[in-house]
Amino acid sequence: MQSNYSLVNSRVLLLCPKKNTFVLRDLEILRSIFIEVDLVVLPTESKLKLIPLLLKSLYQSVFRLRKYNIIASWFVGYHSVLPFVFGKLYGKKTIAFLGGTECHNFPEFNYGNYRKNLYAFVTHQSLRFSDIILPVHESLIFSFITYDKVTFPEQGILAFNKQLNGIIEELYCGFELQKQWDVSTKIPNSFLTVSSQLYGMDYTRKGVDMTILLAKTFPNYSFTIVGNGYSGENLPNLRVLDAISYNELIDVYIKHQFYLQLSVAEGFPNALAEAMLYGCIPIGSSVFGIPFIIGDTGFILNSRSMAECTKLIASVVELHGDKKRELANRASGRIQTHFTFQKRKTNLLSVLNEVFEVKQNADMYA
């Protein structure tokens with residue numbers, strides 16, 4: 001359907017359950033494209049606040065949506081279903097930015113929107129009413145898990161949803177070098193893992209458990225984990241940092257030689273790309289977007305086996321210093337070349353122009 005308004009003059013309502021760093025980055029991109037972008041945070045973490053969340057969402061849907069041309073949501077679920085349904089009733093365009101959880105079902109560690117019937121329903125309805133569906137990596141559309149034995153090896157939105165009518169396009173995350181780094185300042189044989197929380201479902205999902213076992217196995221190497229809520233063993237070669245600001249996290253990246261992303265379920269792990277940007281040699285599991293991000297700059301663990309993981313770590317630390325330097329520089333270069341803010345913005349504009357059928361030159365927004 002031909003749009004009757006200019007894309008650049010559109011007004012956008014962006015919904016999200018939490019102000020993640022990548023949400024704020026996209027807010028910056030959207031505000032560079034559209035005349036007005038408003039951000040509304042609708043937290044979904046607490047079951048006790050589900051009714052207030054839905055009421056607030058209903059208020060946004062009934063009283064605020066009419067002023068906007070586009071309704072967008074980072075992640076979809078309880079916070080997006082009513083605005084998307086009402087948005088379609090009002091004739092608005094709807095955009096779903098997908099990060100992972102709305103594409104997954106891993107009952108093994110209580111992760112993914114499809115593990116519960118009601119959660120699955122609101123996720124499906126949000127996607128069904130989406131004009132544009134933008135997962136951060138194509139593996140979130142459909143993929144088959146071989147890394148670990150899981151209940152549902154088939155994952156992705158097409159594994160759990162039928163009859164989705166919106167345009168589905170992968171839209172990779174973007175990053176920007178904010179501080180200079182030098183390989184000479186890195187601590188030899190130092191390993192880093194970052195997770196928002198170090199307990200519950202993320203302890204296994206993010207591979208924190210494997211990092212702890214590696215620290216036990218290699219007492220002469222240093223390990224750091226960043227995140228909240230750690231209650232495990234205190235080891236002499238293990239440093240645990242509570243969640244810190246992004247600026248402080250950059251300094252942690254700069255000091256470490258290797259980055260571990262031993263997750264079972266991911267989309268496009270931002271911390272992995274950020275660590276590579278600052279010269280961490282990546283070691284990741286063979287799931288979802290992880291091998292694609294790493295490319296030929298690091299190492300892939302093909303199965304969730306501590307024996308294989310131990311063997312891999314033992315081999316990478318023995319690499320010659322020149323090889324480590326080469327991989328560190330190559331990792332940083334890969335992120336700076338392939339995963340930038342400008343590329344994400346350009347690709348987003350391409351999809352928007354396709355859907356809105358607005359014949360404009362994307363260069364005018366550069």
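Any value given below was found using the heavy atoms of this structure, including those in side chains, with hydrogens, waters and symmetry copies removed. Here, residue 1 is the first one in the sequence, and each next residue gets the next number.
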Counting only heavy atoms not in E28, do more than 12 fall under 6.0 Å of its CD? no
Among the clusters formed by ILVMFWY side chains lying less than 4.5 Å apart, do F341 and L277 turn up in the same one? no
Using 0.5 Å steps for rounding, measure from the OH atom of Y278 to the CD1 atom of I250. 3.5 Å
Extract all donor-acceptor atom pairs below 3.5 Å that involve side chains of residues 168-175 and protein atoms in other chains or at least two apart in sequence.
| unit_1 | atom_1 | unit_2 | atom_2 | d |
| --- | --- | --- | --- | --- |
| Y172 | OH | E138 | OE1 | 2.9 |
| Y172 | OH | E138 | OE2 | 3.2 |

Just wondering, do L214 and C309 contact through their side chains at under 4.5 Å, heavy atoms? yes
When you look at NZ of K88, are more than 12 heavy atoms from neighbouring residues, nucleotides or ligands closer to it than 6.0 Å? yes
So which pairs with a foot in residues 266-277 pass side-chain hydrogen bond (donor to acceptor under 3.5 Å, both in side chains), sequence neighbours left out? R25-N270, R25-E274, K206-E266, Y253-E274, Q261-E266, S263-E266
Measure across K92 and L65 and return the closest heavy-atom pair with its distance rounded to 0.1 Å. CE-O, 3.4 Å
Does a side-chain heavy-atom distance below 4.5 Å link Y68 with V12? no
How far apart are the closest heavy atoms of D242 and V226, and which atoms are they? O-CG1, 4.0 Å
Whether R205 engages the ring of Y111 as a cation-pi pair (distance to the six-membered ring centre under 6.0 angstrom, angle to the ring normal within 45°) should be assessed. yes
Would you call F288 and V136 a side-chain contact if the rule is heavy atoms closer than 4.5 Å? no
Closer than 3.5 angstrom, by distance alone: can the side chain of D131 be matched with the main-chain N or O of T94 as a donor-acceptor pair? yes
Ring centroids only, cut at 6.0 angstrom: are F268 and F339 within range, meaning strictly under it? yes
Is D38 close to R64 at the side-chain level, that is, under 4.5 Å between some pair of heavy atoms? yes
Would you check, one step at a time, whether the test side-chain contact (heavy atoms from CB on, under 4.5 Å) holds for K186 with C280? CA-CA 9 Å; K186 290 185 173 293; C280 293; 4.0 Å; yes
Do V287 and V264 have side-chain heavy atoms sitting under 4.5 Å apart? no
By the definition ring pair (Phe, Tyr, Trp, His ring centres under 6.0 Å), identify the one residue from Y259, F223, F218 that meets it with F191. F223
Below 4.5 Å, heavy atoms only, C-beta onward: do I187 and Q257 meet side chain to side chain? no
Would a distance-only check, ignoring hydrogens and angles, find a side-chain to backbone donor-acceptor pair under 3.5 Å from H104 to G100? yes
Counting only heavy atoms not in K67, do more than 12 sit closer than 6.0 Å to its NZ atom? yes
Hydrophobic clustering (ILVMFWY, side-chain heavy atoms < 4.5 Å, transitive) - are I29 and I35 grouped together? no
State whether the side chain of N69 and the backbone N or O of R11 hold a donor-acceptor pair below 3.5 Å, judged by distance alone. yes
For a quick test of reading the model, state the closest non-hydrogen atom pair linking I283 to I313 and the distance between them. CD1-CD1, 3.7 Å
Spatial distance of atom CD1 (I70) from atom CG (L352) [nearest 0.5 Å]: 6.0 Å
Test side-chain contact (heavy atoms from CB on, under 4.5 Å) on I145 and Q155; report intermediate values, then the result. CA-CA 7 Å; I145 303 300; Q155 296 285 329; 3.9 Å; yes
Main chain of V317, side chain of K324: is a donor-acceptor contact present, judged purely on distance under 3.5 Å? yes
Given 3.5 Å as the limit, does a donor-acceptor pair link the side chain of S286 with the main chain of N302, or not? yes
By side-chain contact (heavy atoms from CB on, under 4.5 Å) - contacts of S315 (at least two apart): L312
Within the side chain of K19, is there an N or O that forms a donor-acceptor pair under 3.5 Å with the backbone of V41? no
F106 ring center near F152 ring center (under 6.0 Å): no
Walk me through it: do I294 and L272 pass the test side-chain contact (heavy atoms from CB on, under 4.5 Å)? CA-CA 8 Å; I294 293 176; L272 169 62; 4.2 Å; yes
Is the backbone N or O of A215 less than 3.5 Å from a side-chain atom of Y221, with the two atoms forming a donor-acceptor pair by type? no
Heavy-atom pair of closest approach, residues N20 and F75: OD1-CE1, 4.2 Å
How long is the span from the CH2 atom in W74 to the CD atom in E102, to the nearest 0.5 Å? 7.5 Å
CG on L134 to CG on L98, rounded to 0.5 Å: 7.5 Å
Any donor-acceptor pair under 3.5 Å from S73 side chain to V76 backbone: no
Checking D202 side chain against L198 main chain: does a donor-acceptor pair fall under 3.5 Å? no
Close side-chain approach of W181 to S332, heavy-atom, < 4.5 Å: yes
Once side-chain contact (heavy atoms from CB on, under 4.5 Å) is applied, do any residues pair with T146, and if so which ones, sequence neighbours excluded? F144
Test item: L262 and T193 side chains (from C-beta on) under 4.5 Å apart, heavy atoms: no
Donor-acceptor contact present, side-chain S130 to main-chain I133, <3.5 Å: no
Determine, using the 4.5 Å side-chain heavy-atom cutoff (strictly less than), whether I225 and Y199 are members of one ILVMFWY cluster. no
Value for CE (M306) from CE (M210), rounded to nearest 0.5 Å, stands at 5.0 Å
With a 6.0 Å cut-off (strictly less than), is the heavy-atom count around CG of D182, excluding the residue itself, greater than 12? yes
ILVMFWY cluster, V122 and L58 together (side-chain gap under 4.5 Å): yes
Apply the test side-chain contact (heavy atoms from CB on, under 4.5 Å) to residues F299 and L327: give CA-CA distance (whole Å), side-chain angles for both, the deciding distance (0.1 Å), then the verdict. CA-CA 10 Å; F299 305 89; L327 289 173; 3.9 Å; yes
Using the test ring-ring contact (aromatic ring centres under 6.0 Å, His included), find all partners of F160 that sit at least two apart in sequence or belong to another chain. Y114
Applying side chain to side chain donor-acceptor pair (under 3.5 Å) to Y90 and not counting sequence neighbours gives none
CG (N117) with more than 12 external heavy atoms under 6.0 Å: no
Let me see the working for Q342 and T346 under side-chain hydrogen bond (donor to acceptor under 3.5 Å, both in side chains), right down to the final yes or no. CA-CA 6 Å; Q342 187 57 50; T346 299; 3.2 Å; yes
Shortest non-hydrogen contact from V252 to H256? O-ND1, 2.8 Å
What are the two closest non-hydrogen atoms of S285 and I300, and how far apart are they? C-CG2, 4.2 Å
Separation of K311 NZ from L301 CG (nearest 0.5 Å): 12.0 Å
